[in-house]
Amino acid sequence: MDNAEVASALAEVADLLELSGENPFKARAYRRVAEVVDRLGEPLEEHERSGRLRELPGIGERIAKTIGELLHTGTCAERDRLLRMVPAGLPELLRLEGVGPQTAATVWRELRIADVESLEKAARDGRLALLPRLGAQRAKAILQAVERRRKRAGRMPVATAYVHAQSLLARLRRVPGVVLAEACGSLRRRCETVGDLDLLVAARDAAPVVRAFVSMPGVTAVRAEGPTRCAVRLRDGLSADLRVVAPESAGAALHYFTGSRSHNIAVRLRALRRGFKLNEYGVFDREGRRVSGAEETDVFEAAGLSWSDPELREDAGEVEAARSGTLPRLVRDEDLQGDLHVHSDASSDGRSTLEEIVREAARLGRRYVAITDHSRSRPLGLDAEALARHAKTVRAFDTQGGPRLLAGVEVDIRSDGTLDLPAPLLASLDWVVASIHTRLQDPRGALTLRVIRAIRSGVVDVIGHPTGRRIGYRDASDLDLERVLEEAARAGVALEVNAQPDRMDLNDRSCRLAAQAGVMLVVSSDAHVAAHLSNLRCGVWSARRGWLEARHVLNTRDADELLERRAHRMAHARPEPAEQPSLF
DNA sequence: GCCGTTTTCGGCCCGACTGTTTTCAGTCG
């Protein structure tokens with residue numbers, strides 16, 4: 001089993017424990033470890049092999065043993081025991097909005113229902129409404145939840161959520177008396193996908209804010225409405241939650257609603273030990289007297305921590321780093337000097353001219369842009385001759401004081417790992433991105449070998465969109481990242497953080513692993529239209545979630561330094577061994 | 001089941017809102 005499978009098995013145990021009505025804290029313990037495992041960058045198997053499992057937070061003797069069983073046998077005694085008491089389909093009901101462990105357990109106990117279809121039927125024919133603590137309204141709500149699930153609203157890419165949130169926030173900020181309106185939750189943490197929009201407003205009087213919110217254009221239903229909190233459904237099935245707090249609580253609320261939940265719990269426990277109680281209204285002492293809370297730093301201070309960037313708040317080491325003063329200085333948008341993966345209309349699917357690219361790049365303050373059009377294997381890609389001509393055009397292009405243009409290419413890595421343009425030509429360019437566009441489903445060994453051969457070619461600066469994933473459409477290729485990182489570190493080849501909103505590839509975790517392995521990263525827009533050059537910020541989000549500092553990101557350096565680095569690397573590159581590198 | 005800057009036992013984050021109830025259990029974030 002890999003990490004994701006172990007995490008989901010542990011989460012299932014947690015679900016089953018809740019449904020069985022056993023000690024709820026035991027369920028929470030399993031749930032917490034499921035989250036830790038899911039976020040863990042490196043393979044769990046190695047932790048187990050080296051006996052370091054119990055060093056992970058929340059893993060004690062029992063769960064360590066359970067994880068061992070899962071890794072080796074694919075199941076575990078605790079899960080099997082629970083499945084004898086609780087039907088396997090029941091956890092599925094918990095995914096429905098409005099159905100928690102109590103309702104699911106009741107439905108099973110009274111009606112022997114353990115699947116969504118039967119539940120829907122019972123809701124329709126009135127049996128559900130007759131159960132204790134249910135009723136017509138809840139039956140109807142559950143029915144609607146089933147229908148929504150069928151329509152698969154799902155999570156949206158963070159870039160989309162960001163745009164939606166900005167327009168909602170702009171409206172909220174125009175409501176009189178609003179002193180702060182911010183997006184919190186997974187959007188503020190810049191998670192790669194976002195489920196609901198969590199919006200926070202600070203205002204003296206909540207009523208006009210709530211009124212304005214529920215009557216905004218685009219609101220199709222009001223799911224909940226109270227004096228300080230409300231939740232609406234927007235077009236496209238998107239949900240938005242609003243909380244309104246008084247200005248003196250703004251910082252505490254900002255922290256509270258940004259999460260993540262596990263980060264909050266960790267911070268809250270630390271504050272508690274130091275004699276402070278935290279909630280969304282502020283920091284309170286033992287006697288319940290309010291101490292502070294207007295600023296987000298108040299919360300961290302109460303816990304004896306320094307303020308940490310929202311992107312780090314996953315309980316993945318940031319609390320310890322905030323305690324010891326070793327938080328990273330995360331890379332910022334403005335640290336990036338240039339964009340090293342941009343397509344022009346000279347090839348394939350690029351649509352903007354050099355003029356348009358230069359104009360937009362200048363507007364965004366970029367100091368250089370590498371024009372990296374597709375090579376011959378792509379439809380309408382450049383062959384050797386066309387690329388040589390194109391490079392000349394790019395170098396001669398008068399940017400009129402705008403960003404410097406680098407002559408580059410996005411060269412295809414073929415199925416055998418060779419590049420589809422001759423090495424001497426590639427060596428003559430300023431910048432070479434090498435990417436896989438075909439046979440993304442190759443088995444792990446073959447795929448990894450292709451990337452390694454490209455790294456060893458000596459003429460490649462960076463591997464483009466290394467895993468090939470498209471969020472919500474195509475899974476990541478089965479790449480042995482650890483092996484790739486080793487090779488890349490040795491050869492001085494960088495890996496890309498492709499900033500296309502549906503790629504974000506490498507992702508946050510892989511970024512962190514890469515930096516730890518001593519591999520440099522390049523945050524690139526991969527823009528095919530000039531307007532998409534601004535997507536670079538999505539790549540910065542991934543990089544920041546991956547704990548990257550400016551020193552880890554190559555395009556925070558100036559163009560001359562990049563060219564020198566390239567020249568130096570090529571002068572010292574070892575030619576690729578005659579025989580193919582062996583993986584095993 | 002886990003864990004310890006008041007603890008190796010006794011805690012475990014905490015409040016808003018809803019619907020089902022006649023004071024609160026359940027769900028959610």
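Because only heavy atoms are used, hydrogens play no part in the values below, and waters and symmetry mates are left out as well, while side chains stay in. On a predicted model such as this, the values are computed, not experimentally measured, just so you know. We name chains A, B, ... by the order of the sequence lines, and we start the count at 1 in each one.
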TODO: Both distances under 3.5 Å, Watson-Crick or G-U wobble: report the partner of B/dT8, or none.
DONE: none

TODO: Tell me, yes or no, whether the heavy-atom count around A/Glu5 atom CD, taken from other residues, nucleotides or ligands under 6.0 Å, exceeds 12.
DONE: yes

- [ ] Please determine which of A/His255, A/Arg189, A/Glu314 meets the side chain to side chain donor-acceptor pair (under 3.5 Å) test together with A/His263.
- [x] A/His255

TODO: Answer yes or no: are there more than 12 heavy-atom neighbours, outside A/Glu110 itself, under 6.0 Å from its atom CD?
DONE: yes

TODO: Assess whether atom CD of A/Glu301 is packed by more than 12 heavy atoms of other residues, nucleotides or ligands within 6.0 Å.
DONE: no

Open item on the list: Taking the basic N atoms (NZ, or NE/NH1/NH2) and the acidic carboxylate oxygens, is any pair closer than 4.0 Å for A/Arg124 and A/Glu120?
Closed with: yes

- [ ] Would you indicate what A/Asn264 reaches in the nucleic acid, counting non-hydrogen atoms under 4.0 angstrom: base, sugar-phosphate, or nothing?
- [x] nothing

Open item on the list: Are more than 12 heavy atoms, taken from residues, nucleotides or ligands other than A/Asp205, located less than 6.0 Å from that residue's CG atom?
Closed with: yes

Task: Contact nearer the 5' end of DNA chain B, comparing A/Leu96 with A/Arg268 - done: A/Arg268

Open item on the list: Can you give me the first and the last nucleotide of DNA chain B (5' to 3') that has an atom within less than 4.0 angstrom of a non-hydrogen atom in chain A?
Closed with: B/dG1 to B/dG29

Task: NZ or CZ of A/Arg545 within 45° of A/Trp547 ring axis and under 6.0 Å - done: no

- [ ] Check each residue of residues 130-137 of chain A for a non-hydrogen atom within less than 4.0 Å of any atom in DNA chain B, then write out the ones that pass by number, or none.
- [x] A/Arg133, A/Leu134, A/Gly135, A/Ala136, A/Gln137

TODO: Enter syn or anti for the glycosidic conformation of B/dT22, syn applying to angles within 90° of 0.
DONE: anti

Task: Cationic N near anionic O, under 4.0 Å, A/Glu192 to A/Arg469 - done: yes

Task: Given DNA chain B, 5'-ward residue of the pair A/Arg261 and A/Arg62, judged by closest heavy atom - done: A/Arg62

TODO: Identify whether any heavy atom of A/Leu17 sits under 4.0 Å from a base atom; if not, whether one sits that close to sugar-phosphate; answer base, sugar-phosphate or nothing.
DONE: nothing

